[in-house]
Amino acid sequence: LADAAEDLDTALAIDPADILANRTVLRSGGAPARARAARRLLAVETDLDRLAAPAAALAAEGLACLGVLKATAEAVEGWLAWSASGPCAVRITWDGGTAEAAVAPDPADPRQVLMGRAGRVRIPWPARTAWLAVEVPGRASWLEGGFQIRPVPVRERDPGEPRPLRERP
């Protein structure tokens with residue numbers, strides 16, 4: 001059994017996002033290791049059935065809200081699941097300010113089975129913003145992608161713009 005635990009540790013040292021190793025730790029590891037595995041799995045799992053065990057492990061650790069956010073060129077988007085009734089308050093901070101918002105529970109969101117309530121999040125990028133952070137004030141929470149750097153859009157070259165000179169080797 002000690003050899004198996006050492007093998008899992010080695011696998012996660014090589015690739016911390018290894019899905020099979022994290023699923024195994026989630027089922028058999030100690031509490032801190034299970035919480036780490038749950039956070040890693042929430043970042044990569046997309047199947048609702050596969051999200052249930054990581055969500056339950058984090059809820060057992062006292063988390064009242066969890067979610068996954070990703071940056072696109074237009075917005076930070078994703079989902080939240082939470083245990084309290086009503087909407088989930090979020091604080092959005094960026095390099096030019098702060099705002100408060102509420103994520104309404106969506107009874108049709110299948111992720112509500114994870115913690116009782118769930119809803120989609122879409123936060124358009126404020127003008128001239130390079131980064132954005134999302135947090136859930138007053139609740140123990142974990143948000144994968146809670147801090148995002150704005151993707152730089154690929155700029156098309158103006159046909160009248162001179163081409164850059166290539167360096168010779």
Side-chain angles (χ1 to χ4, degrees), residues 12 16-154:
L12 290 170
D18 182 295
I19 292 174
L20 293 176
N22 279 299
R23 286 179 183 162
T24 303
V25 170
L26 187 62
R27 286 190 306 271
S28 60
R34 278 196 313 272
R36 276 192 306 277
R39 289 190 296 271
R40 290 173 180 152
L41 288 168
L42 279 172
V44 297
E45 298 282 15
T46 55
D47 181 76
L48 184 59
D49 291 334
R50 297 280 189 188
L51 287 171
L58 292 172
E61 293 292 313
L63 275 114
C65 177
L66 54 91
V68 176
L69 304 172
K70 295 188 185 310
T72 68
E74 295 81 32
V76 173
E77 301 176 301
W79 58 269
L80 296 180
W82 63 97
S83 58
S85 63
C88 182
V90 295
R91 180 177 300 127
I92 306 146
T93 306
W94 63 95
D95 49 348
T98 301
E100 303 281 330
V103 178
D106 179 358
D109 192 320
R111 288 175 292 263
Q112 70 180 327
V113 300
L114 299 176
M115 298 192 83
R117 314 276 180 289
R120 301 271 319 144
V121 177
R122 186 174 194 284
I123 304 164
W125 286 101
R128 295 177 297 284
T129 296
W131 61 268
L132 183 141
V134 180
E135 63 181 322
V136 179
R139 292 187 192 179
S141 62
W142 180 78
L143 302 178
E144 168 64 27
F147 179 82
Q148 294 288 338
I149 296 175
R150 187 177 203 158
V152 177
V154 176

Determine the minimum heavy-atom distance between [X] and [Y], stating which atoms define it.
X	Y	value
A17	N22	C-ND2, 3.7 Å
T72	W125	O-NE1, 2.9 Å
W131	T93	CZ3-O, 3.5 Å
V136	C88	CG1-SG, 3.9 Å
L58	R39	CD2-CG, 4.0 Å
D95	A130	OD2-N, 3.1 Å

Run the numbers on R40 and L12 for side-chain contact (heavy atoms from CB on, under 4.5 Å), then give the verdict. CA-CA 11 Å; R40 290 173 180 152; L12 290 170; 4.1 Å; yes
Within a reach of under 6.0 Å around CZ of R122, are more than 12 heavy atoms found that belong to other residues, nucleotides or ligands? yes
Hey, what do you get for [atom1] ([X]) to [atom2] ([Y]), rounding to the nearest 0.5 Å?
X	Y	atom1	atom2	result
L41	D18	CG	CG	9.5 Å
S141	L66	OG	CG	9.0 Å
R23	E45	CZ	CD	4.0 Å
W79	K70	CH2	NZ	10.5 Å
R139	L63	CZ	CG	12.0 Å

Given the rule in the side-chain contact (heavy atoms from CB on, under 4.5 Å) test, do V121 and V134 qualify, once you have shown the distances and angles that lead to the verdict? CA-CA 10 Å; V121 177; V134 180; 5.8 Å; no
Minimum side-chain heavy-atom gap [X]-[Y] below 4.5 Å:
X	Y	value
P105	P87	yes
L114	L48	yes
I19	R50	no
V76	I92	no

Residue pair R150, L132: steps toward the side-chain contact (heavy atoms from CB on, under 4.5 Å) verdict: CA-CA 8 Å; R150 187 177 203 158; L132 183 141; over 6 Å; no
If we check side-chain contact (heavy atoms from CB on, under 4.5 Å) with W82, which of these qualifies: R117, M115, Q112? R117
Taking it one step at a time, do Q148 and E77 satisfy side-chain contact (heavy atoms from CB on, under 4.5 Å)? CA-CA 10 Å; Q148 294 288 338; E77 301 176 301; over 6 Å; no
